[in-house]
Protein chains: 2
Amino acid sequence: MVKRTSFEGDACPIARALEAIGDWWSLLIVREALFGLRRFGEFQSKLGMAKNILSARLRALVDHGILETAPASDGSAYQEYVLTPKGRGVFPILVALRQWSEEFDDRPEEIATILVDRAKGRPVRKLELRAEDGRLLAPADTMLKPRPAPRRRSA
Amino acid sequence: MVKRTSFEGDACPIARALEAIGDWWSLLIVREALFGLRRFGEFQSKLGMAKNILSARLRALVDHGILETAPASDGSAYQEYVLTPKGRGVFPILVALRQWSEEFDDRPEEIATILVDRAKGRPVRKLELRAEDGRLLAPADTMLKPRPAPRRRSA
DNA sequence: TCCAATGGTTGCATTATGAAACTGATTGCG
DNA sequence: CGCAATCAGTTTCATAATGCAACCATTGGA
């Protein structure tokens with residue numbers, strides 16, 4: 001078999017996330033969905049992607065529990081694709097990607113939009129990783145530990 | 001031309017980020033690099049990926065300024081791939097992906113590791129998006145604004 | 001009713017990916 | 001030094017994914 005390697009079943013949570021949303025278009029679809037798009041045609045025209053690919057991606061996102069289909073909210077007989085909580089949970093990933101571009105892109109002047117706090121219209125803060133006690137953590141301040149075995153409860 | 005659509009030049013910073021690190025393996029390579037890997041063979045054996053693909057990805061990451069090559073630190077004549085600041089800046093993206101899996105994965109028991117604060121050994125906090133004034137922001141509390149017009153300047 | 005728009009699917013060409021074989025330097029070792 | 005093993009890739013070839021265009025079945029509006 002010479003198919004594309006799947007990360008399903010991989011023990012690394014990053015690989016597992018990529019398995020679900022690591023495709024070329026998936027995150028952009030979720031981005032548009034967070035922005036309010038719901039209909040097939042809306043995604044297709046906004047993203048400018050081929051319809052067969054969009055169709056395949058939507059199905060995959062539904063399979064992964066990121067989107068779900070629902071009857072159209074406008075009364076028509078068509079259906080819509082709406083985000084599940086799992087899908088809305090992708091938001092911080094998108095913010096992280098956006099902020100990375102804003103900080104490191106070689107041609108930041110080509111970036112058209114900035115993410116702002118709706119209430120004040122001011123740019124949002126950078127995402128930052130903090131310890132339980134609030135200390136700011138750089139990569140080197142972190143490490144990976146084996147997941148605690150799910151056995152008896154104790155103190 | 002029927003090649004894979006490129007997001008280069010796209011005005012969306014998320015698309016631009018995906019152009020650089022949205023490939024199937026790229027983020028995993030950066031993850032390993034953040035973990036300390038530097039040599040071709042280390043990446044290859046740790047990730048278990050085909051050498052030609054690894055070769056292509058490493059070159060692309062170098063082209064994008066995420067990795068750079070350096071003479072080997074152990075005195076050998078080989079070279080190493082080390083993260084640039086732009087590459088280390090990917091860290092929050094990886095954390096966001098990890099936390100998304102931790103929160104929403106269907107089989108969380110298959111996730112082998114947890115990210116902890118090195119100093120205390122305690123799990124890190126969830127990334128959260130905050131406004132300038134510190135308010136916690138949900139997706140609906142944010143919006144996109146056109147980037148402020150660039151200052152008039154010769155180019 | 002007729003016809004356009006919607007929401008797909010199918011077919012085919014082009015690209016990307018992957019396994020394995022191959023190459024050429026570098027290194028360890030006797 | 002001489003030589004085998006290792007390292008870091010490249011090449012080759014088969015298969016999978018992507019993209020475009022054409023097609024088709026419903027839906028919805030006039």
Side-chain angles (χ1 to χ4, degrees), chain A residues 1-10 15 18-29 32-33 36-64 67-82, chain B residues 1-10 15 18-29 32-33 36-64 67-82:
Chain A
M1 267 203 333
V2 201
K3 58 195 309 186
R4 187 173 71 171
T5 51
S6 161
F7 299 135
E8 196 184 348
D10 193 299
L18 292 175
E19 176 73 21
I21 51 176
D23 273 302
W24 201 239
W25 288 104
S26 298
L27 280 170
L28 296 180
I29 292 171
E32 296 303 333
L37 300 201
R38 295 159 160 259
R39 296 279 283 263
F40 186 95
E42 289 179 320
F43 289 110
Q44 204 269 321
S45 64
K46 190 79 194 309
L47 290 171
M49 64 189 293
K51 300 205 294 180
N52 53 344
I53 307 298
L54 174 58
S55 179
R57 288 290 165 273
L58 288 173
R59 206 168 348 204
L61 289 170
V62 168
D63 285 348
H64 278 104
L67 293 175
E68 60 189 3
T69 55
S73 54
D74 65 354
S76 77
Y78 295 115
Q79 64 169 3
E80 295 181 340
Y81 297 89
V82 299
Chain B
M1 66 169 186
V2 199
K3 59 195 310 186
R4 188 174 71 171
T5 53
S6 162
F7 300 136
E8 196 185 347
D10 193 297
L18 292 175
E19 175 71 22
I21 50 175
D23 273 303
W24 201 239
W25 289 103
S26 298
L27 279 170
L28 295 180
I29 292 171
E32 296 304 332
L37 300 202
R38 295 160 158 259
R39 294 280 284 262
F40 186 95
E42 288 179 321
F43 290 109
Q44 205 269 322
S45 64
K46 191 81 193 307
L47 290 171
M49 63 190 293
K51 301 205 295 180
N52 52 345
I53 307 297
L54 175 58
S55 179
R57 288 288 164 275
L58 288 173
R59 204 166 332 160
L61 290 169
V62 169
D63 286 348
H64 278 105
L67 293 175
E68 60 189 3
T69 54
S73 54
D74 63 354
S76 78
Y78 297 114
Q79 63 169 3
E80 295 182 339
Y81 298 89
V82 299

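In what follows, every heavy atom counts, from backbone to side chain, and hydrogens, waters and symmetry copies are set aside. In what follows, chains carry the letters A, B, and so on, assigned in the order in which the sequence lines appear, proteins first and then strands, with residues in each chain numbered from 1.
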Quiz item: Roughly how far apart are A/Asp23 CG and A/Leu28 CG, rounded to 0.5 Å?
Solution: 11.0 Å
Exercise. Output the distance between atom CD1 (A/Ile29) and atom CD1 (A/Ile21), rounded to the nearest 0.5 Å.
Key: 12.0 Å
Mind calculating the distance between [atom1] ([X]) and [atom2] ([N]) to the nearest angstrom?
X       : N      : atom1 : atom2 : value
B/Leu58 : D/dC7  : CG    : P     : 16 Å
B/Glu80 : C/dT26 : CD    : C1'   : 15 Å
B/Arg38 : D/dC7  : CZ    : P     : 17 Å
B/Ile29 : D/dA8  : CD1   : P     : 14 Å
B/Trp24 : D/dT15 : CH2   : C1'   : 16 Å
B/Tyr81 : D/dC7  : OH    : C1'   : 11 Å
B/Gln79 : C/dG24 : CD    : P     : 19 Å

Determine: side-chain N/O of [X] to OP1/OP2 of [N], distance under 4.0 Å, yes or no.
X       : N      : answer
B/Tyr78 : C/dG24 : no
A/Arg39 : C/dG7  : yes
B/Arg59 : D/dT10 : yes
B/Thr5  : D/dT18 : no
A/Arg57 : D/dT18 : yes
B/Ser76 : C/dT26 : no
A/Trp25 : D/dG19 : yes

Quiz item: For B/Leu37 and B/Phe43, which heavy atoms make the closest approach, and how far apart are they?
Solution: O-CZ, 3.4 Å
Quiz item: Counting distance only, does the side-chain N/O of B/Trp24 pair as donor-acceptor with the main-chain N or O of A/Thr5 below 3.5 Å?
Solution: yes
Quiz item: Hey, is B/Asp74 close enough to B/Arg38 for a salt bridge, meaning N to O under 4.0 Å?
Solution: no
Practice problem: May I ask you to check whether A/Glu80 and A/Thr69 show a side-chain donor-acceptor distance below 3.5 Å? | Solution: no
Practice problem: Give a yes or no on whether A/Gln79 atom CD has more than 12 heavy-atom contacts from other residues, nucleotides or ligands under 6.0 Å away. | Solution: yes
Quiz prompt | Near-strand residues of residues 40-56 of chain A, defined as heavy-atom separation under 4.0 angstrom from DNA chain D | solution = A/Ala50, A/Asn52, A/Ile53
